[in-house]
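Quick note on labels: first sequence line is chain A, next is B, and so on, each numbered from 1.
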Amino acid sequence: MDLSGLNEPQKAAVTQTSGAVMVMAGAGSGKTKVLTTRIAYIIDELGVSKDSILALTFTNKAANEMKVRISNILGGIDTKNMWVSTFHSFCVRILRKEIGHLENYTNSFNIIDEEDAQKIVKDICKNECIDSKPKELRHLISKSKNFEAFSIDDPFLNQDYDTVSRLYEEYKIKNNLLDFDDLIIKTIELFKEAPEVLYRYQYKFEYILVDEFQDTNALQYVLIRMLAALHNNIFVVGDDFQSIYSFRGAKIENIHKFRRDYKDHKMILLEENYRSTNEILNLANCIIDKNPNQIKKVMYSHGKTGDKPILYDADTAFGEASFVVEQIKKLHDKGDSYSDFAIMYRANYISRGFEDVLLREHIPYRIFGGLSFFARKEIKDMTAYLRVLVHPDDNFSFLRIVNEPKRKIGDKVIESLTSVSNEYNKSLFDSIDLYSGSGSIELKKFKIMMTSIKESLANCKLPDIIDILLKETSYEDMLKKGDSDEYQDRISNIKEFKSVLKETELDHEDEGLTNEEILDILLSDLALRSENDDAKESDSVILTTYHQAKGLEFKNVFMVAMEDGIFPSQNSVTKEDVEEERRICYVGITRAKDRLFISHVGRRFLFGFTQQMMPSCFLGEMKREFYNLYGEYKTPKKDIESKAIPNVLSAKDAVTSDLKVGDKVNHKTFGDGKVISINGKIAEIAFALPTGIKKMLSTHPSLTKIN
DNA sequence: CGCACTAGACTTTTT
DNA sequence: GTCTAGTGCG
């Protein structure tokens, strides 16, 4: 196999196939290239079957991209069914086959998303008259399931947590439901309780590869270790600089753990950056240098040079958006495509102002994120209908749609039906025949309707089942009655969903499956999918959060809304939080290949108020020599220096200031406040309304003591 | 049971 | 400011 396109460390990472290998791959160092070439190498040079390789990623997009690239390297081989997938999809694939080895679940289990999980917790709280906030409880449940340490001081909350988490588990078992956390947990449980099953998979997967290793959590690490225990051919790629998912339980410590657990591992550093210009890397290095606890690693540029990053200081969000659009137009006129641009921000709500201006200027754009396609109400409703068609015993889906559109089947009727179903130990759908109380006519009509739709399913083209559903269930009529813009929106989403069915049908066209079987395959992991999975090529400007931009690269990047309170987010309280924000900033900078623009505004309309904004403390961490102010070359130097740009960072002052109760302080975003308590490093500070009382690190860079 | 109005939350990141 | 869930009335 031709490896001449690789540098030495990359080559080593590809050819060192046996044993444990850890690759520390800096941003833009050819990580995906190494992963895919290595898999191709194992197949092509070692003659290993492609079914004996397991590659785990964090996003479907990364998994799909890897499959395509492996196929390309190996002359177009079929990689569709390779075990290259996200952790979660991998677990679903195992559990669909094997979950019968565990008690309580059958392999037609349904996967619930975060919205469903929250609704279940909320309903439990309501039924049990529990006062604690459902959202907080749900959060704690997820935390505990990922074996994260936490303690609850409040005895009431503690008691509520015990009750609700128990009932939540019971509810899921009763309804054959698994949440995202369960997918990993149940797989581990399965492997523990059925060692022969574990052995089968250990034996099968001779080579295991893990992408974005720095983002694995404690459970995912356990899973990897279990699977690799027989052949011990385990290859992990990560970059501790890009660890930005600790809020989801990701553990950088897994990197150290790996090094301890696999004593003989080989460590390979990929330090040569092929993506960005020198100028961009300089700025990235400035930022990451400020984080004390990173594994030291130098990023060498590949020698590409370009313009210094540009900093723009706008008055308002509108001014900022106009600036960005102006730059895009200018560069587009010079020949860049719209898809060469990305506008990046810390939180989704920032996108609005940019959308407005892009729309008005007729510049095509695409937004990553926000509400996932498959999480939209109409799509979840359609999915629930389809699930009831294929699995009539799916009570959870049944309850979602039995009265949607309204069919006069209310809570009271469902309550009585449920007691019948408990009595005869049958599903709600099957209990309809046995039920004779009030509402029985409506229920029977519903059942007849669903049965007739199911008959149509056997004889129609698969996507047409959506039209049949829309018509027969009167779902479309219901939408038509509502707002017409909303109707357009929802119908076009449903059309899009129809094309997902079409794709699935095509994927399986020669396999002699019935429509019902194809639907079952489609439904099996729908909850894990998101619309950005397929890198749809379209000539559009991309609007995205830093998190969703991870792994991507763009010729021109705009980092916008670089203001304290937005980035770093005002929710980052501890030193660790701010360090993670800093890594997010690093991820943002290193997405850019040629040009980087950084902007911030003086005032911004937020939560119904116009607020004074201060530049992000990260701007102060960027050495002045490494960027230009926009228009610097035309503006007299004196003016620039009088501008309130950077050394905003009062970090030095702040770190040395130790606060006491009663001290008056100033926060760059919240204004003046008074310290009301100190607990270790955490200070509780009362600010003027609307901010009110905030807990924050007393050494937070945005805080200064005033006398 | 369904509609209309109101109060409250929301704005961190996601498989 | 905008969206949503919850309440109360017809």
Round to a whole Å and report the spacing from [atom1] of [X] to [atom2] of [N].
X	N	atom1	atom2	result
A/Glu212	B/dT14	CD	P	14 Å
A/Lys412	B/dG2	NZ	P	13 Å
A/Leu183	B/dT14	CG	P	19 Å
A/Asn348	B/dT14	CG	C1'	10 Å
A/Ile185	B/dT15	CD1	C1'	14 Å
A/Gln570	B/dC10	CD	P	13 Å
A/Glu442	B/dG2	CD	C1'	15 Å
A/Leu56	B/dT15	CG	P	16 Å

Please tell me whether [X] and [Y] have a donor and an acceptor in their side chains that are separated by less than 3.5 angstrom.
X	Y	result
A/Asp525	A/Ser89	no
A/Tyr171	A/Asp123	no
A/Gln242	A/Tyr586	no

Would you find a donor on one side and an acceptor on the other, under 3.5 Å apart, between the side chain of A/Arg346 and the backbone of A/Pro568? no

A/Gln214 side-chain N/O to A/Phe241 backbone N/O, donor-acceptor pair under 3.5 Å: no

Assert yes or no for the condition that the ring centre distance of A/Phe567 to A/Tyr546 is strictly below 6.0 Å. yes

Strictly under 6.0 Å, is that where the ring centroids of A/Phe398 and A/Phe396 end up? no

[N] phosphate, OP1 or OP2: any side-chain N/O from [X] under 4.0 angstrom?
X	N	answer
A/Thr545	B/dT14	yes
A/Gln548	B/dT14	yes
A/Asn60	B/dT15	no

Check every strand shown and say whether [X] touches a base, only sugar-phosphate, or nothing at a heavy-atom separation below 4.0 Å.
X	result
A/Phe58	sugar-phosphate
A/Tyr245	sugar-phosphate
A/Phe567	nothing
A/Ile409	sugar-phosphate

Euclidean distance for C1', C/dT4 against B/dT13 (whole angstrom): 22 Å

Donor/acceptor link under 3.5 angstrom from A/Arg346 side chain onto base of B/dT13: yes

Given B/dT15, B/dT14, B/dG2, which nucleotide is nearest the side-chain atoms of A/Asn403? B/dG2

Nearest to the side chain of A/Lys135, heavy atoms from C-beta on, is which of B/dT15, B/dT14, B/dC10? B/dC10

Salt bridge (charged side-chain N to carboxylate O under 4.0 Å, His left out) between A/Arg583 and A/Glu581: does it pass, once the steps are laid out? CA-CA 5 Å; A/Arg583 290 192 294 269; A/Glu581 297 284 311; over 6 Å; no

Base-contact (B) and sugar-phosphate-only (S) positions in nucleotides 2-10 of chain C, heavy-atom cut-off under 4.0 Å, - elsewhere: S--SS----

So which one's nearest nucleotide on DNA chain B is more toward 5', A/Gln220 or A/Glu581? A/Glu581

With heavy-atom distances below 4.5 Å as the criterion, would you say the side chains of A/Glu563 and A/Gln612 are in contact? no

Can you say whether the rings of A/Trp83 and A/Phe90 are parallel (under 30°), tilted (30 to 60°) or perpendicular (over 60°)? perpendicular

Looking at DNA chain B, which of residues 79-94 of chain A put a heavy atom within less than 4.0 Å of it? A/Thr86, A/His88

